[in-house]
**Student:** 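Pasting a structure here, questions to come.
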Amino acid sequence: MMAVHTSVFAAWLAGFTPVGFHAPWQRFNVDAGEWTTVAKSLGEGAGDLLALWGEADAVHMAVRAPPADPCVISLAVAPALASPASPLPALHPHAGEGREAANGGGKGSGCFPSVGRFHPPAIRLERAIRDLYGHMPLNALDSRAWLDHGQWGLDAPLGARISRPRRDPADYEFQTVHGHGLHQIPVGPVHAGIIEPGHFRFTANGETVARLEERLGYVHKGVDALLTGAALAKAARIVARISGDSTVAFSFAFSLAVEAALGIEAPPRAAVLRGVMAELERVANHLGDIGAICNDAAFALIHAHCGIFRERVLAASDLAFGHRLMMDRIVPGGVACDIAADGGVAVLAALDEIAPRFDEIVALYDDTPSLQDRTCATGRVAGDLVKRWAAGGHVGRASGRDFDARRDLAYPPYRGLSFTVPLYTAGDVDARLRVRIDEVRSSIGMIRDWLADLPSGPLVAPLPQAAGPREGIAITEAFRGDALAWLRLDADGSVARCHLRDASWFQWPLLEAAIENNIVADFPLCNKSFNCSYSGHDL
Amino acid sequence: MRTLLLKSLFARPATIGPPDADDAALDELGGALAARGRRLLGRSLTIREVDAGSCNGCELEIHALNNSVYDIERFGLRFAASPRHADVLLVTGPVTHNMKVALERTYAATPDPKWVVAVGDCGCGCGVFEGSYAVAGAVDKVIPVDLHIRGCPPRPIDLLRGLIALVDKATANDEALHSAASR
Ligand code: SF4
């Protein structure tokens, strides 16, 4: 099967017949050969892989090949047979070689042709599908479990659910690194700071990191299973809690996906209030990150000031929306509550207080060469890597990937709004910091504009009863990058299946590249400049 | 930088006044600590935070305790990087199966006397993650818990009030011991 090149990829996709009721973008059922063609095309740079996920009898991937709209490609997969006597076969790099032809490449076997084999960003996603559903990626490059640490007491919890005794969680084969004088530094899952758990295995040559390998999955909470069959209101509460720092962005994406599936739009006032909340969340997180990055370079003064700024934003958000992180405020159809009567004033006052002081802090950063000595040229990520991984947020925009879902896949209230998306090419810690600085300023501007002229009207649109299953997809721009939500609603309005993909999936692997050839002591700095979500990734 | 430092020097402090200890927390802690204050803590407790499966919302608010507004260190409470230096484990999240062993090991690595505070609706129950195949349970299903601070996430002020109650109780107990010893 040949890959399809960029120029014709979109046209080639458009040749398929879309399945019914998938909005706003289309979904196509393909066969194994066509699935592989898509994988190869992605590998050759014809488009971006946005997500790759499974369900009991299918695997799906969301791809984007501009100028065409994103779309979802689906391949039917036979559910793995439940049989306690035959646990899932171990997967080897070339397991199933040759079986592709024999069994039609996935049909009837619980297998699907590997995407990661051609397009490395898919590797971890495939490992996750195998762990959760038992569908095996054929000819996959990495056969190790990813989210499954052998602690659930069962294999494939969303598939065959074969019971399996627990094993030692530390039993994991890290990749070997050979070389004279190399030593290993294992870190985590419990880290030194107040951060989420994950394991980092460094191989260092003296002080220099020769290789970092991440092992994640520690905070896997079984979100995909919890969402399956959940009533809409319950599902919305779960979605708001998959990554606390992006609660607004995920509730936003989930609500947009529900609305797309049901063919409605939130009323104008709700749309603008959603925007206000999303930008407040961005400002608060960026302020926290800017401070924390400088703190990891031992410059506590900026951290102290940014901590106060962040606190002011959260306090104002609390006053305006009744929750410091604005959890559960965005709901399918609109928003759960109006902005408090004095909320707008409180938010504007907080921004007025912060803005000039933030400028002083930025000037301080600019005037402190000893600090920039730590951030500049540290943790470089090459432009072609962020492009290949379609890394969003500050990770992508600091390395020249000019993408922002608010502009490029515009949704209300960003539709028709003109704003500058910061873009840097250095790809280092400094560039990721500067993206955040620029975004704080632009978000403050948006919030001010919106609050000055809030549309009046209802807060929520009634959700219509669907006649049959409906599917929706949406992407919002969280502070760390694009957040994707895909779902299928049953006719009774409950969630048949929902998958959420945090930007971290395509950023974590690049952190491994960023730290290479840097000193071990710069890891916290690099890590903070990424600030990937563990919970949002592990789900 | 000098102007900024000078400005800060003459500005009103950003720090809020000390809150009262949380009554409910004092009640819960009631007798629990009586038997355990075996050494002089000098009205200070060192905390090790453990995320055992949280969504990171609780971590954001625990982080806030260190900022100049809440400034937790003025109450004799500080965060340590290792459980071996800690008196208190502050544990968030529904404990996931994948974190259970790590949490048990962290608890084992914390020297006695030690206290465990379960944080958030998830740490105290399982929150919205109740019933998942991947969740082992609330923190007290895995290690003994002395104090529960609820909320999703709890506000920093609630965390502060709970922890002040803990430091009051834990060290009052010490003082009693101390005065008994010196008598
Ligand atoms: S209590 Fe709420 S904020 Fe804390 S971990 Fe659970 S869901 Fe997240």
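When reading the values below, keep in mind they use all heavy atoms of this one structure, side chains included, and skip hydrogens, waters and symmetry mates. Each chain gets a letter, A, B and so on, in the order the sequences are listed, and its residues count up from 1.
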**Student:** Between chain A and each of B:E61, B:K100, B:R48, B:K7, count heavy-atom pairs under 4.5 Å; write down the option with the most.
**Tutor:**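 Counting heavy-atom pairs under 4.5 Å, the top option is B:R48.
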**Student:** Shorter than 4.5 Å, heavy atoms on both sides: which option in A:L301, A:T247, A:D367, A:L154 has the most such pairs with chain B?
**Tutor:**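 Most heavy-atom pairs under 4.5 Å with chain B: A:L301.
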**Student:** Specify which of B:S54, B:C122, B:A80, B:C126 makes the most heavy-atom pairs with chain A at under 4.5 Å.
**Tutor:**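 The answer is B:S54.
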**Student:** Would you say the side chains of A:S251 and A:D328 form a donor-acceptor pair under 3.5 Å?
**Tutor:**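 No, no side-chain donor-acceptor contact under 3.5 Å.
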**Student:** For chain B, find which of A:H303, A:H323, A:R237, A:Q151 contributes the most heavy-atom pairs closer than 4.5 angstrom.
**Tutor:**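 Most pairs with chain B among the choices: A:Q151.
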**Student:** Which atoms of A:R324 are under 4.5 Å from chain B, going by heavy atoms: the side chain, the backbone, both sets, or neither?
**Tutor:**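 Interface part for A:R324: side chain.
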**Student:** For chain A, which candidate among B:G57, B:P156, B:C55, B:A102 shows the most heavy-atom pairs at distances under 4.5 Å?
**Tutor:**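 It is B:C55.
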**Student:** For B:F79, is it the side chain, the backbone, both or neither that has a heavy atom under 4.5 Å from a heavy atom of chain A?
**Tutor:**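 B:F79 touches chain A through side-chain heavy atoms alone.
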**Student:** Examine whether an atom of A:E196 lies under 4.5 Å from a heavy atom of chain B, and if so say whether it belongs to the side chain, the backbone or both; otherwise answer neither.
**Tutor:**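 It is both, since atoms from each part get that close.
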**Student:** Measuring heavy-atom distances to chain A, does B:L90 have an atom under 4.5 Å in its side chain, in its backbone, in both, or in neither?
**Tutor:**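 Neither part, no heavy atoms under 4.5 Å.
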**Student:** Measure distances from A:H305 to the heavy atoms of chain B and classify the residue's part below 4.5 Å as side chain, backbone, both or neither.
**Tutor:**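 It is the side chain, since no backbone atom gets that close.
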**Student:** Looking only at side chains, do B:H148 and B:R150 share a donor and an acceptor under 3.5 Å apart?
**Tutor:**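 Judged by distance alone, the side chains do not pair up.
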**Student:** For the pair A:H220 and B:Y133, name the ring-plane relationship: parallel under 30°, tilted 30 to 60°, perpendicular over 60°.
**Tutor:**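 Rings of A:H220 and B:Y133: tilted, as their planes differ by 30° to 60°.
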**Student:** Examine whether an atom of A:L226 lies under 4.5 Å from a heavy atom of chain B, and if so say whether it belongs to the side chain, the backbone or both; otherwise answer neither.
**Tutor:**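 Contact with chain B: side chain only.
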**Student:** Parallel, tilted or perpendicular, judged at 30° and 60°: which one describes the rings of A:H286 and A:F479?
**Tutor:**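 Ring orientation of A:H286 relative to A:F479: perpendicular.
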